[in-house]
Amino acid sequence: MLSSSLVSALQSKITGPSIASVAAEHGYTCIGLAPTPQTDPAFGFDSGFDEYETFSEGGGENPFKNRRSRIRESLGRINSVRRLYRRLVPMEAVLSSLPTDEEIIDMAIERFNDAPAPRFLWVHLMESHRPYGTGSEALPKELDRKAGAAGNTGLLGSKSVSESEIEQIKGTYRDALGRVDGQIERLLAEIDADPTFVFTSDHGDEFGEDGYFYHQGFRRRVVDRLIEVPVVMDGVDLETEPEAKPEPNRFSVLDIAPTLIESAGMEVPDQWHGTPSPMVVQRR
């Protein structure tokens with residue numbers, strides 16, 4: 001997403017120029033706030049940013065706190081170990097140590113407004129991720145872990161999730177999305193600019209389809225529900241050619257970086273795999 005690279009997507013790290021590094025070459029102040037160890041600077045996610053924070057604890061060879069651990073990455077290749085790890089370390093334990101979305105947006109507004117223009121801001125919000133909030137707003141730990149284990153067989157066999165429990169999970173998810181919407185509205189209202197704006201997600205979630213829940217990379221599942229995500233753009237003037245594209249409202253997240261860079265009048269790096277200015281939406 002940040003570097004429009006298939007290799008980056010497969011390896012979950014920045015392997016070439018990022019949006020921030022290209023923008024920085026053109027004088028942009030680049031700020032990144034991403035409260036998750038998945039975007040650790042060890043994987044190049046801080047490339048090009050003047051300010052970059054993940055707010056994540058742990059590191060080095062600690063396999064329970066940060067994916068920088070080579071031990072964790074190596075053991076993660078073993079199916080049974082991956083499944084056991086996810087049973088022992090529920091997502092709530094990870095999110096509870098991170099700043100709230102409200103705190104992240106507070107920081108984003110302050111840092112953006114204090115930075116010299118032109119500016120590029122990347123914000124990654126986590127409370128729409130399983131368990132869909134923190135504290136009392138999140139799914140109960142017992143239900144979260146039960147749903148996360150759904151589909152397991154053998155020694156780690158799981159219990160079925162009831163219809164009422166599925167509705168509880170979906171309701172908690174909808175509530176989380178509503179809170180995210182509110183934080184995004186606040187960000188756009190309180191920054192001192194009328195920015196080019198892009199909203200998207202790095203993955204989707206499952207809610208009992210095929211017996212599975214959430215987004216769990218250790219299961220090695222690649223289904224439409226997980227890889228089809230919304231993309232919203234504002235301030236980018238795009239044309240549509242419906243005759244030339246049978247599905248004009250669909251394109252790859254690889255197209256986001258080149259579209260932003262081209263719309264700002266900068267040259268798109270040759271290393272990027274996406275297509276600038278995809279013909280996907282009606283002219284505003």
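All values derive from a computational prediction rather than experimental measurement. Just so you know, residue 1 is the first one in the sequence shown, and it goes up from there.
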* Transitively linked via ILVMFWY side-chain contacts under 4.5 Å: Phe199 with Ile104? -> yes

* Report yes if some heavy atom in the side chain of Glu267 is under 4.5 Å from a heavy atom in the side chain of Glu25; otherwise report no. => no

* Asked: Is there a donor-acceptor pair closer than 3.5 Å between any side-chain N or O of Lys146 and the backbone N or O of Ser160?
  -> yes

* Asked: Do Val231 and Leu226 belong to the same hydrophobic cluster, where Ile, Leu, Val, Met, Phe, Trp and Tyr are linked whenever their side-chain heavy atoms lie under 4.5 Å apart, directly or via other members?
  -> no

* Asked: How many angstroms lie between CZ in Phe251 and OG1 in Thr259, if you round to the nearest 0.5 Å?
  -> 6.0 Å

* Asked: So which heavy atom on Ser4 is nearest to which on Ala257, and how close?
  -> CB-CB, 3.9 Å

* Asked: Aromatic ring centroids of His129 and His124 under 6.0 Å?
  -> no

* Does the side-chain contact (heavy atoms from CB on, under 4.5 Å) test come out yes or no for Arg130 and Asp144, once each step is laid out? -> CA-CA 8 Å; Arg130 169 196 178 191; Asp144 176 44; 2.6 Å; yes

* To do: List the atom of Phe112, the atom of Ala193, and the distance in Å for their closest heavy-atom pair.
  => CE2-CB, 3.9 Å

* Asked: Which atom pair, heavy atoms only, marks the closest approach of Val229 to Ser201?
  -> CG2-O, 3.5 Å

* Asked: Do Phe120 and Ile19 have side chains that get closer than 4.5 Å, going by heavy atoms?
  -> yes

* Asked: Does any donor atom in the side chain of Ser5 or Thr15 lie under 3.5 Å from an acceptor atom in the other side chain?
  -> yes

* Transitively linked via ILVMFWY side-chain contacts under 4.5 Å: Met1 with Leu6? -> no

* In sequence, state the C-alpha distance, the side-chain angles, and the governing distance for Leu121 and Phe197, and then conclude on side-chain contact (heavy atoms from CB on, under 4.5 Å). => CA-CA 10 Å; Leu121 172 67; Phe197 171 76; over 6 Å; no

* To do: Check for a donor-acceptor pair, side chain of Arg186 on one end and backbone N or O of Glu102 on the other, with a separation under 3.5 Å.
  => yes

* His215 side chain to Asp205 main-chain N or O, any donor-acceptor pair under 3.5 Å? -> no

* Can you check whether Tyr132 and Tyr173 have ring centres sitting under 6.0 Å from each other? -> yes

* To do: Answer with yes or no whether the hydrophobic clustering places Ile191 together with Val232; edges join I, L, V, M, F, W, Y residues whose side-chain heavy atoms lie under 4.5 Å apart.
  => yes

* What's the spacing between Leu177 CG and Arg174 CZ if we round to 0.5 Å? -> 9.0 Å

* Asked: When you measure from the side chain of Ser8 to the backbone N and O of Lys13, does any donor-acceptor pair fall under 3.5 Å?
  -> yes

* Asked: Can you hop from Ile169 to Tyr212 via hydrophobic side chains spaced under 4.5 Å?
  -> no

* **Residue pair Phe55, Thr36: steps toward the side-chain contact (heavy atoms from CB on, under 4.5 Å) verdict** => CA-CA 7 Å; Phe55 310 94; Thr36 168; over 6 Å; no

* **Shortest non-hydrogen separation from Gly48 to Ala24 and the atoms involved** => O-CB, 3.7 Å

* To do: Please name the pair of heavy atoms, one in Pro41 and one in Thr54, separated by the smallest distance, quoted to 0.1 Å.
  => CD-CG2, 4.1 Å

* To do: Determine, step by step, whether Tyr52 and Ile31 satisfy the side-chain contact (heavy atoms from CB on, under 4.5 Å) criterion, reporting the C-alpha distance in whole Å, the side-chain angles of both residues, the deciding distance to 0.1 Å, and the verdict.
  => CA-CA 6 Å; Tyr52 187 82; Ile31 303 165; over 6 Å; no

* Is the backbone N or O of Gly274 less than 3.5 Å from a side-chain atom of Asp255, with the two atoms forming a donor-acceptor pair by type? -> no

* **Phe43 CZ to Asp40 CG distance, which is reported to the nearest 0.5 Å** => 6.0 Å

* Looking at CZ of Arg179 and OG of Ser128, how far apart are the two atoms once the value is rounded to the nearest 0.5 Å? -> 9.5 Å

* State, to 0.1 Å, how close Tyr28 and Ala264 come at their nearest heavy-atom pair, and which atoms those are. => OH-CB, 3.9 Å

* Asked: For the side chain of Glu137 and the backbone of Gly135, is there at least one donor-acceptor N/O pair under 3.5 Å apart?
  -> no

* Close side-chain approach of Trp122 to Leu33, heavy-atom, < 4.5 Å -> no

* Can you measure from CD1 (Ile109) to CD (Gln183) and round to the nearest 0.5 angstrom? => 8.0 Å

* Asked: Going by an N to O cut-off under 4.0 Å, is there a salt bridge joining Lys170 and Asp175?
  -> no

* Asked: If you measure from OG1 on Thr100 to CG on Asp106, what distance do you get to the nearest 0.5 Å?
  -> 7.5 Å

* Asked: If only atom types and distance count, is the side chain of Glu209 paired as donor or acceptor with the main-chain N or O of Glu206 below 3.5 Å?
  -> no

* Using the side-chain contact (heavy atoms from CB on, under 4.5 Å) rule, pick out the option among Ile256, Val253, Ile14, Thr39 that qualifies with Leu2. => Ile14

* For atom CG of Asp210, decide whether the heavy atoms of other residues, nucleotides or ligands shown that lie under 6.0 angstrom number more than 12. => yes

* Asked: Any donor and acceptor pair, going by atom type alone, linking the side chain of Asn113 with main-chain N or O of Glu190 inside 3.5 Å?
  -> yes

* Any donor-acceptor pair under 3.5 Å linking the side chain of Trp272 with the backbone of Pro17? -> yes

* To do: Indicate whether any N or O donor in one side chain lies under 3.5 Å from an N or O acceptor in the other, for Ser164 and Glu167.
  => no

* **Heavy-atom side-chain proximity of Leu188 to Ile184 below 4.5 angstrom** => yes

* Main-chain N/O of Val236 paired to Ser263 side chain as donor or acceptor, under 3.5 Å -> no

* If we only count heavy atoms from C-beta on, is the Pro35 to Glu103 side-chain gap below 4.5 Å? -> no

